Structures are given as C-alpha cells and as structure tokens.
S.K.: 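The following block contains the structure, expressed as structure tokens.
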Amino acid sequence: LSGGGAAVLAPEPTPADIDKAADRFAQIFDPGPAEYHHATRQRNFPQESLHAMLATRLENAETAMPDDRTMITSTVQKDLGGFYAANSQMRMLAAKNLAANRSLREAVVRALQSGDSFFTLNCDAEVFEEAVLNFGLSLSRCAKLSVTQGFDDEKAACLGDALGHAEQLTTLQITASGSGFGIVGAFAIGEAFWSLIGLEELSLYLGDTAVGDAGAVAIGSGLQNLKQLQQIT
C-alpha cells in the first residue's frame with residue numbers, strides 16, 4: 001500500500017497495461033509496449049519485499065494451523081509445479097520488477113539467469129550497461145526486452161553486443177532520444193539485428209537522435225534479416 005493505493009505484482013501485463021500500450025494518443029507522451037507499462041505501474045511495490053523474495057524459500061514458511069500448511073503444499077505441488085518451480089517463479093518476478101526500478105544488481109542478475117523459464121527485462125540504458133559490464137548480464141535466456149532512456153553511442157554499443165547472444169528473444173523495444181545516440185550506436189543496433197533470427201515484435205523509437213542517413217541505412221539493412229518479424233512500430 002502506498003498513499004492509499006495498492007501495488008500488485010503480476011507476472012505478465014494486465015489488461016490495463018495492454019490497453020494503455022494500444023492507446024495511440026498516450027503513446028505520444030509515454031511510448032512503450034505493454035511490458036513497459038506493466039513494469040512502470042508496479043514501481044510502488046515495496047523494494048524491501050522484492051529483495052526478500054530473492055532469498056525466500058516457500059517450503060520453509062510457517063503456518064498457524066497444520067491444515068493450512070497441508071493446503072499450501074498441495075496447491076504449490078498441483079498448480080505451481082512444486083516448490084523449486086514456485087521459488088524460481090517468485091525470484092524471477094522480483095528480479096524483473098527490481099530491474100525496472102533501477103536495481104539491476106548482482107543478486108537480481110543471478111535470479112534472472114538461474115530461473116527455469118526465459119525472462120522479461122525492462123530497464124533504462126544506464127542500468128542495462130552496468131548490469132552487463134559489472135554483473136555479467138547475458139541475454140541468452142531473455143525472451144522480451146525493453147531498454148529505454150539514457151542512450152548514447154557507448155550504451156547502444158553495449159546493447160548491440162549483448163543482443164548478439166539473445167537467440168531466444170521474441171520481443172524488443174528500444175526507445176532513445178538526444179544527440180548522444182548517433183551513427184556508432186545505429187551501426188551497433190543494425191549489426192545486432194542480424195543475430196535476432198527469432199524476433200517477432202519490434203518497437204524502435206529514435207526520436208531526435210543523431211543517427212543520420214548512414215545510421216538509418218545500417219538499421220534498415222539489419223531489419224531485412226528479421227525474417228520472423230510480425231509487428232514493427
């Protein structure tokens with residue numbers, strides 16, 4: 001609870017997130033796919049609870065009544081695939097939300113990359129670069145990625161290098177603006193597109209960047225290799 005409102009964690013975008021992403025008027029002021037709005041909406045969730053989720057083991061939880069523990073154990077085994085899978089899902093959910101709140105630190109990166117399922121990541125360019133360079137973030141198990149704000153050529157090059165290992169990526173959003181993102185960054189992103197053979201959805205917003213004609217050609221050349229692409233905005 002925060003200021004009389006509630007913040008609820010959900011593993012995937014809710015109908016409200018999807019509706020906002022589809023609102024073309026809203027996109028003028030706050031561009032982003034449903035995953036972006038999903039992460040933004042959940043930023044009021046207590047950070048201390050998210051960090052605790054990274055280390056919590058559900059099988060060690062205590063209950064006031066024995067019957068409650070029996071019921072919880074049965075539900076976890078039946079609906080969540082067992083405690084190992086449930087713990088993994090919980091850590092993944094916490095890590096995704098911490099990343100969206102500029103808290104993509106070593107424990108968060110480890111939680112993202114040790115899960116049983118592919119992960120979704122939403123963060124700004126500065127946080128992404130730090131996670132790659134300082135904590136060894138790899139996109140080899142990333143299915144959906146949204147990197148927004150704070151781009152320059154160095155951060156775009158870092159993203160481009162990381163995308164070279166994102167074989168499982170199906171959805172990508174890149175939102176950049178400002179003259180710091182220029183030809184070098186455009187070439188890095190365009191080159192990365194040649195590795196994203198499974199990409200299905202792409203949102204690319206370059207605003208008032210300085211990519212120029214040569215940068216636009218480099219990106220366009222890379223786009224030609226996205227044979228599985230179904231949607232581009």
Side-chain angles (χ1 to χ4, degrees), residues 29-33 35-36 39-40 43 95-113 118-199 201-226 229 232-233:
F29 303 98
D30 195 12
E35 288 78 13
Y36 169 80
T40 301
R43 285 178 179 169
K96 287 163 55 177
N97 283 274
L98 285 167
N101 283 279
R102 299 181 59 84
S103 186
L104 195 52
R105 298 297 185 261
E106 185 174 6
V108 179
V109 171
R110 186 167 60 249
L112 286 173
Q113 299 185 157
F118 298 122
F119 64 84
T120 298
L121 181 59
N122 181 303
C123 62
D124 66 37
E126 181 179 354
V127 171
F128 181 86
E129 182 184 46
E130 180 184 30
V132 171
L133 299 182
N134 295 345
F135 307 119
L137 174 67
S138 169
L139 299 180
S140 61
R141 296 184 58 78
C142 184
K144 298 180 180 180
L145 176 65
S146 176
V147 183
T148 62
Q149 307 173 358
F151 269 107
D152 57 22
D153 278 341
E154 289 186 1
K155 294 178 179 61
C158 178
L159 173 60
D161 289 342
L163 287 173
H165 304 283
E167 298 89 354
Q168 306 300 327
L169 197 68
T170 60
T171 302
L172 173 63
Q173 182 207 11
I174 299 174
T175 302
S177 61
S179 59
F181 189 110
I183 295 177
V184 173
F187 269 81
I189 299 302
E191 182 71 19
F193 286 156
W194 289 88
S195 302
L196 304 180
I197 57 176
L199 194 68
E201 298 181 24
L202 173 64
S203 177
L204 186 62
Y205 177 80
L206 300 181
D208 57 347
T209 57
V211 298
D213 292 342
V217 170
I219 290 175
S221 177
L223 288 173
Q224 297 180 35
N225 191 57
L226 302 179
L229 197 63
I232 181 171
T233 57

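Quick note: numbers below take in every heavy atom, side chains included, and nothing from hydrogens, waters or symmetry partners. None of the values given here were measured: they were computed from a predicted structure.
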S.K.: Show the nearest heavy-atom pair for residues Phe187 and Ala214, with the distance to one decimal.
M.R.: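 Taking Phe187 first and Ala214 second, the nearest heavy atoms are CE1-O, 3.9 Å.
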S.K.: Is the shortest heavy-atom distance from the side chain of Thr175 to the side chain of Tyr205 under 4.5 Å?
M.R.: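 Touching, per the 4.5 Å side-chain cut-off.
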S.K.: With a sphere of 6.0 Å drawn around CD1 of Ile232, does it hold more than 12 non-hydrogen atoms of other residues, nucleotides or ligands?
M.R.: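 Check passes, neighbour count above 12.
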S.K.: Does any donor atom in the side chain of Gln173 or Ser146 lie under 3.5 Å from an acceptor atom in the other side chain?
M.R.: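 A donor-acceptor contact under 3.5 Å links the two side chains.
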S.K.: Kindly indicate, with the supporting measurements, whether the criterion side-chain contact (heavy atoms from CB on, under 4.5 Å) is fulfilled by Leu137 and Phe128.
M.R.: CA-CA 8 Å; Leu137 174 67; Phe128 181 86; 3.9 Å; yes
S.K.: Do Arg141 and Gln168 come within less than 4.5 Å of each other through their side chains, counting heavy atoms only?
M.R.: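 Counting from C-beta outward, Arg141 and Gln168 never come under 4.5 Å.
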S.K.: Is there a donor-acceptor contact under 3.5 Å from the side chain of Ser140 to the main chain of His165?
M.R.: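 Flag not set: sc Ser140 to bb His165 has no pair under 3.5 Å.
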S.K.: Show your working on side-chain contact (heavy atoms from CB on, under 4.5 Å) between Thr170 and Glu201 and close with a plain yes or no.
M.R.: CA-CA 6 Å; Thr170 60; Glu201 298 181 24; over 6 Å; no
S.K.: Give, for atom OG1 of Thr233 and atom CG of Leu202, the distance between the pair rounded to the nearest 0.5 Å.
M.R.: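 Taking OG1 in Thr233 and CG in Leu202, the distance rounds to 7.0 Å.
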S.K.: Please name the pair of heavy atoms, one in Ala156 and one in Ala188, separated by the smallest distance, quoted to 0.1 Å.
M.R.: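 Here Ala156 and Ala188 meet closest at O-CB, 3.9 Å.
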S.K.: side-chain contact (heavy atoms from CB on, under 4.5 Å), that's the test. Do Leu145 and Leu159 meet it? Break it down for me.
M.R.: CA-CA 11 Å; Leu145 176 65; Leu159 173 60; 3.9 Å; yes
S.K.: Supply the atom-to-atom distance Leu229 CG to Leu196 CG, rounded to the nearest 0.5 angstrom.
M.R.: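 Going from the CG atom of Leu229 to the CG atom of Leu196 covers 10.0 Å.
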S.K.: Which value, rounded to the nearest 0.5 Å, describes the distance between Ile189 atom CD1 and Leu223 atom CG?
M.R.: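 Result: 11.0 Å between the selected atoms.
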S.K.: Under 6.0 Å from the CD atom of Glu154, do we count more than 12 heavy atoms belonging to anything else shown?
M.R.: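 At most 12 heavy atoms, drawn from other residues, nucleotides or ligands, come within 6.0 Å of this atom.
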S.K.: What are the two closest heavy atoms between Val147 and Asp124, and how far apart are they?
M.R.: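 Of all heavy-atom pairs spanning Val147 and Asp124, the closest is CG1-C, 4.0 Å.
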S.K.: For Ala218 versus Ala186, what's the shortest heavy-atom pair and its separation?
M.R.: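 The pair with the smallest heavy-atom distance is CB-O, 4.4 Å.
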S.K.: Distance-only, no hydrogens or angles: does the Asp208 side chain make a donor-acceptor pair with backbone N or O of Gly178 under 3.5 Å?
M.R.: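 Side chain of Asp208 to backbone of Gly178, a donor-acceptor pair under 3.5 Å: yes, one is there.
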S.K.: Does Asp153 reach the main-chain N or O of Gly185 with its side chain, forming a donor-acceptor pair under 3.5 Å?
M.R.: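 Pair found, side chain donor or acceptor close to backbone of Gly185.
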S.K.: Would you say the side-chain atoms of Asp152 pair up with the backbone N or O of Gly180, donor to acceptor, closer than 3.5 Å?
M.R.: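 A pair under 3.5 Å: no.
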S.K.: Let's go through Ser221 and Trp194 carefully: what are the C-alpha distance in whole Å and the side-chain angles of both, what is the deciding distance for side-chain contact (heavy atoms from CB on, under 4.5 Å) to 0.1 Å, and is it a yes or a no?
M.R.: CA-CA 9 Å; Ser221 177; Trp194 289 88; 3.7 Å; yes
S.K.: Is there side-chain contact between Phe151 and Ile174, with at least one heavy-atom pair below 4.5 Å?
M.R.: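 When only atoms from C-beta onward are counted, Ile174 and Phe151 do touch, with a gap below 4.5 Å.
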S.K.: State, to 0.1 Å, how close Leu172 and Leu169 come at their nearest heavy-atom pair, and which atoms those are.
M.R.: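 Answer, listing the atom of Leu172 first, then Leu169: CB-CD2, 4.0 Å.
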S.K.: Rounded to the nearest 0.5 Å, what's the gap from CD1 on Ile197 to CG on Leu226? Could you check?
M.R.: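 Ile197 CD1 to Leu226 CG: 10.5 Å, rounded to 0.5 Å.
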S.K.: To the nearest 0.5 angstrom, please state how far the CD atom of Glu126 sits from the SG atom of Cys158.
M.R.: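 SG of Cys158 is found 12.0 Å from CD of Glu126.
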S.K.: Shortest non-hydrogen contact from Ala192 to Gly160?
M.R.: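 Result for this residue pair: CB-O, 3.6 Å.
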S.K.: Does Val132 reach the side chain of Asp161, with side-chain heavy atoms less than 4.5 Å apart?
M.R.: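 They are not in contact (no side-chain heavy atoms under 4.5 Å apart), so the answer is no.
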